[in-house]
Amino acid sequence: MPELPEVETVARQLAPCMTGRIVRSLRIFDPLLRKGPQPRPHGRKVTSVRRVGKQVLIEFAGGLCLAVHLRMTGRLIWAPNRRAEAREDRLRARVGFDRGALLFADTRRFGTFRWFRDAREAEPAGIDPVSEEMTIEALREMAGRARQNLKAFLLRQDRIVGIGNIYASEILWDARLSPRRRASALRRAEIVRLHESTRKILIRAIENCGTTFSDFQDAHGLTGSYQQYLAVYDREGERCRRCEAPVRRIVQQQRSTYFCAGCQK
DNA sequence: ATTATATCCTGATCGC
DNA sequence: TGCGATCAGGATATAA
């Protein structure tokens, strides 16, 4: 569930809790999280916690870092004390610090831990859509050589990193572009709209701490408020806020896409 | 070389 | 109410 805004929210909330803390223990309860190298971070100080693509990257002094991917149902929770910790279930891992602990809970168990010796290795291939790198020209270039429809294009993490199924629909609605359009067929003015909408929607979602459905909670167990802005996602049959036509649901790459055929062309 | 399909899991919801 | 089928926000290995 967590897309870029939700991961950004979690990273921002964890950072002040974790930065400067020293690792005292690491317990991985779910063997699925134990793929790849398993270094011992004991005694290391956390130097930063930030979002990298859709992952939360925890960096330790000396270069070691842990990239946590929440996938569908993963949650990172900061537990300042034992009482807060006792409330959590379905725990897959726990990192104990000199003060407090980081808990990882994940119902569907798709989430991943990956350890690196250097943070640069954790960088995803795609462009971060809310960074300076995401220029109109960069978008035009990427779209120009994509043979896919716009929905599939936006979900490609090797091009633009961070957009998932919810925000793909929302961005295309905002840009008044049909999810079925071929990415390479966009006119320049349409690319400009797509660029603008992508940044606008994601930034607004970050400002609202993401979207909360059933699973997503931030590091303090709170919830985001972006759902009040959702224009099409999960609104099949309801009226489009722009043109009153009914919102439609179609399936693209085995996933739901919501859009308005009245004003998305 | 791209792009579609199957798959990793669990739990909520749907339809009969 | 009970039960099996279906679906869910992600991403990747494999097949086509």
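A quick note: this is a predicted structure, and the numbers were derived from the prediction, not measured. Note on naming: letters A, B, ... go to the chains in the order of the sequence lines (proteins, then strands), and numbering restarts at 1 for each one.
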### Task
Taking only Lys NZ, Arg NE, NH1 and NH2, and the carboxylate oxygens of Asp or Glu, determine whether A:Arg193 and A:Glu196 approach each other closer than 4.0 Å.
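Between A:Glu196 and A:Arg193 there is no salt bridge, as every charged N stays at least 4.0 Å from the carboxylate O atoms.
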### Query
Is A:Asp106 salt-bridged to A:Arg71, going by a charged N under 4.0 Å from an acidic O?
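Answer for the salt bridge query: no.
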Nucleotide [N], atom [atom2] - distance to [atom1] of [X] in whole Å:
| X | N | atom1 | atom2 | result |
| --- | --- | --- | --- | --- |
| A:Leu154 | B:dT3 | CG | C1' | 17 Å |
| A:Lys151 | C:dG9 | NZ | P | 8 Å |
| A:Ile166 | C:dG10 | CD1 | P | 7 Å |
| A:Gln148 | B:dT5 | CD | P | 14 Å |
| A:Arg92 | B:dC8 | CZ | C1' | 13 Å |
| A:Lys35 | C:dT12 | NZ | C1' | 11 Å |
| A:Leu32 | C:dG10 | CG | C1' | 15 Å |
| A:Asp106 | B:dT10 | CG | C1' | 10 Å |

### Query
So which nucleotide does B:dC9 pair with, by the Watson-Crick or G-U wobble rule with both distances under 3.5 Å?
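Paired with no nucleotide.
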Heavy atoms only, 4.0 Å cut-off, all strands: where does [X] land among base, sugar-phosphate and nothing?
| X | answer |
| --- | --- |
| A:Arg249 | sugar-phosphate |
| A:Arg156 | sugar-phosphate |
| A:Ser256 | sugar-phosphate |

Quote, to the nearest angstrom, the [atom1] distance that separates [N] from [M].
| N | M | atom1 | value |
| --- | --- | --- | --- |
| C:dA11 | B:dA12 | P | 23 Å |
| C:dC7 | B:dT5 | P | 15 Å |
| C:dG9 | B:dC14 | P | 15 Å |
| C:dT1 | B:dG11 | P | 22 Å |

### Query
Quick one: are the ring centres of A:Tyr226 and A:Tyr167 less than 6.0 Å apart?
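Ring-ring flag for A:Tyr226/A:Tyr167: true, centres closer than 6.0 Å.
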### Query
Is the backbone of A:Arg181 close enough, under 3.5 Å, to the side chain of A:Lys265 for a donor and an acceptor to pair up by distance?
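Such a contact is absent between A:Lys265 side chain and A:Arg181 backbone.
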### Task
Ignoring hydrogens and angles, answer whether the base of C:dA8 and the side-chain atoms of A:Arg255 contain a donor-acceptor pair closer than 3.5 Å.
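Such a pair does not exist between side chain and base.
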#### Entry: Given C:dA11, B:dT2, B:dG11, the nucleotide with the shortest approach to the side chain of A:Lys54
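Of C:dA11, B:dT2, B:dG11, C:dA11 is nearest to the side chain of A:Lys54.
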### Geometric class of the A:Phe60/A:Trp115 ring pair [parallel <30°, tilted 30-60°, perpendicular >60°]
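The arrangement is parallel - the two ring planes meet at less than 30°.
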### Message
When you compare the ring of A:Phe110 with the six-membered ring of C:dA11's base, are the centres less than 5.5 Å apart and the planes under 30° from each other?
### Response
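Here A:Phe110 fails the 5.5 Å or the 30° condition.
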### Message
On DNA chain B, does the nearest nucleotide to A:Arg108 precede the nearest nucleotide to A:Ala146 from the 5' side, or the other way round? Give the residue.
### Response
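So the residue in question is A:Ala146.
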### First of A:Gln254 and A:Arg109 reached from the 5' end of DNA chain B, by closest nucleotide
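Comparing both residues, the 5'-ward one is A:Gln254.
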### Message
If you compare every side-chain N and O of A:Tyr167 against the phosphate oxygens of C:dG9 (OP1, OP2), does one of them come in below 4.0 Å?
### Response
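A:Tyr167 to C:dG9 OP1/OP2: no side-chain N or O under 4.0 Å.
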### C:dG10 OP1/OP2 closer than 4.0 Å to side-chain N/O of A:His69
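For A:His69, the contact criterion (side-chain N or O under 4.0 Å from OP1 or OP2 of C:dG10) is not met.
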### Query
Is there a side-chain contact between A:Leu230 and A:Arg235 (heavy atoms, below 4.5 Å)?
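In short, these two side chains touch, coming nearer than 4.5 Å.
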